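Fair warning: this is a prediction, and the values are worked out from it, not measured in the lab.
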Amino acid sequence: MGKNDVSMITGEMLVKYYELNKQKKEIEMEMNTLKDTFQAYFNNLVGSDHKGEITVSGYKLQRQIRKTEKYDEVETIKRLEELQMNELIQVVKKPDDVKIKAALNLGLLNPNQLEGCVITTTAPAITVKPLIPK
């Protein structure tokens, strides 16, 4: 079936999609259970923050530890201010969605006042469900 072939959607296609999606979820659950088992094995063998590797039946199972670092916002800003290095601090102004919605609900702000400010995005999503639950 080509990318632009939209000639017909069949019941078989919907059934196939539904069944494949169900299988995908089952497979993901099964894989997550296996991953949890592997993690527990390595936690037991080498500890929770260590990489590990074993070979069984011609397959190599590896666990890598990915390390990411980021600055603690409160502490880092405090320290940079103490060092008088304010140029290393970002000042981020952004709308507070919760407070804006509250102000609109209370009538403190008129929706017309924000005309041209609202960005609406759309994303297509496909779902297939049987009309009679299985």
Side-chain angles (χ1 to χ4, degrees):
M1 186 175 207
K3 185 177 179 187
N4 296 324
D5 184 6
V6 291
S7 56
M8 186 134 73
I9 301 289
T10 65
E12 290 81 25
M13 292 163 75
L14 297 179
V15 169
K16 181 78 170 165
Y17 183 91
Y18 176 77
E19 292 300 327
L20 287 171
N21 197 38
K22 211 163 82 174
Q23 287 175 26
K24 177 183 140 194
K25 288 177 183 168
E26 289 166 5
I27 289 168
E28 283 173 351
M29 282 172 46
E30 208 173 323
M31 287 177 71
N32 286 335
T33 301
L34 287 168
K35 282 192 227 173
D36 289 345
T37 302
F38 301 154
Q39 292 290 5
Y41 175 84
F42 283 121
N43 287 347
N44 208 21
L45 185 71
V46 295
S48 60
D49 286 337
H50 294 59
K51 64 183 182 176
E53 182 179 302
I54 59 165
T55 303
V56 179
S57 303
Y59 286 87
K60 184 184 349 184
L61 172 63
Q62 270 185 316
R63 174 169 76 178
Q64 298 168 344
I65 302 298
R66 295 192 178 111
K67 185 177 169 183
T68 56
E69 292 181 344
K70 67 179 194 173
Y71 292 100
D72 176 286
E73 286 187 17
V74 175
E75 277 305 308
T76 307
I77 287 172
K78 195 169 94 178
R79 186 80 43 85
L80 290 170
E81 286 173 340
E82 287 168 4
L83 296 168
Q84 296 178 354
M85 304 206 69
N86 292 348
E87 67 276 7
L88 301 181
I89 301 170
Q90 276 186 345
V91 177
V92 180
K93 288 185 179 184
K94 62 183 194 176
D96 187 326
D97 292 351
V98 174
K99 289 182 181 175
I100 290 172
K101 282 183 180 138
L104 287 165
N105 288 338
L106 294 170
L108 301 173
L109 190 60
N110 187 317
N112 299 340
Q113 292 173 295
L114 293 177
E115 198 164 319
C117 295
V118 178
I119 299 167
T120 303
T121 56
T122 60
I126 298 284
T127 61
V128 176
K129 295 176 185 167
L131 295 176
I132 301 163
K134 292 188 175 197

Taking a hydrophobic cluster as the set of Ile, Leu, Val, Met, Phe, Trp and Tyr residues connected by side-chain heavy atoms closer than 4.5 Å, whether directly or through intermediates, do [X] and [Y] fall within one such cluster?
| X | Y | answer |
| --- | --- | --- |
| Y18 | I126 | yes |
| L20 | V128 | no |
| V92 | I89 | no |

- Should we count CD of E87 as having more than 12 external heavy atoms under 6.0 Å?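 Enclosed: over 12 neighbouring heavy atoms sit under 6.0 Å from CD of E87.
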- Within 6.0 Å of CD in Q113, more than 12 heavy atoms from elsewhere: yes
- Taking only residues at least two apart or on different chains, which pairs with a member in residues 64-84 satisfy side chain to side chain donor-acceptor pair (under 3.5 Å)? none
- Query: Do L83 and L88 come within less than 4.5 Å of each other through their side chains, counting heavy atoms only?
  - Reply: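 A side-chain contact is absent here, since even the closest heavy-atom pair is not under 4.5 Å.
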- Task: Side-chain contact test, heavy atoms from C-beta onward, threshold under 4.5 Å: evaluate it for V56 versus L61 and give yes or no.
- Result: no
Can you give the donor-acceptor pairs under 3.5 Å from side chains of residues 25-41 to other protein atoms, not counting sequence neighbours?
{"unit_1": "N32", "atom_1": "ND2", "unit_2": "E28", "atom_2": "O", "d": "3.3"}
{"unit_1": "T33", "atom_1": "OG1", "unit_2": "M29", "atom_2": "O", "d": "3.0"}
{"unit_1": "T37", "atom_1": "OG1", "unit_2": "T33", "atom_2": "O", "d": "3.0"}
{"unit_1": "Q39", "atom_1": "OE1", "unit_2": "R63", "atom_2": "NH1", "d": "2.9"}

If you round to the nearest 0.5 Å, how far is [atom2] of [Y] from [atom1] of [X]?
| X | Y | atom1 | atom2 | answer |
| --- | --- | --- | --- | --- |
| E53 | F42 | CD | CZ | 8.0 Å |
| I100 | L109 | CD1 | CG | 7.5 Å |
| I54 | K60 | CD1 | NZ | 12.0 Å |

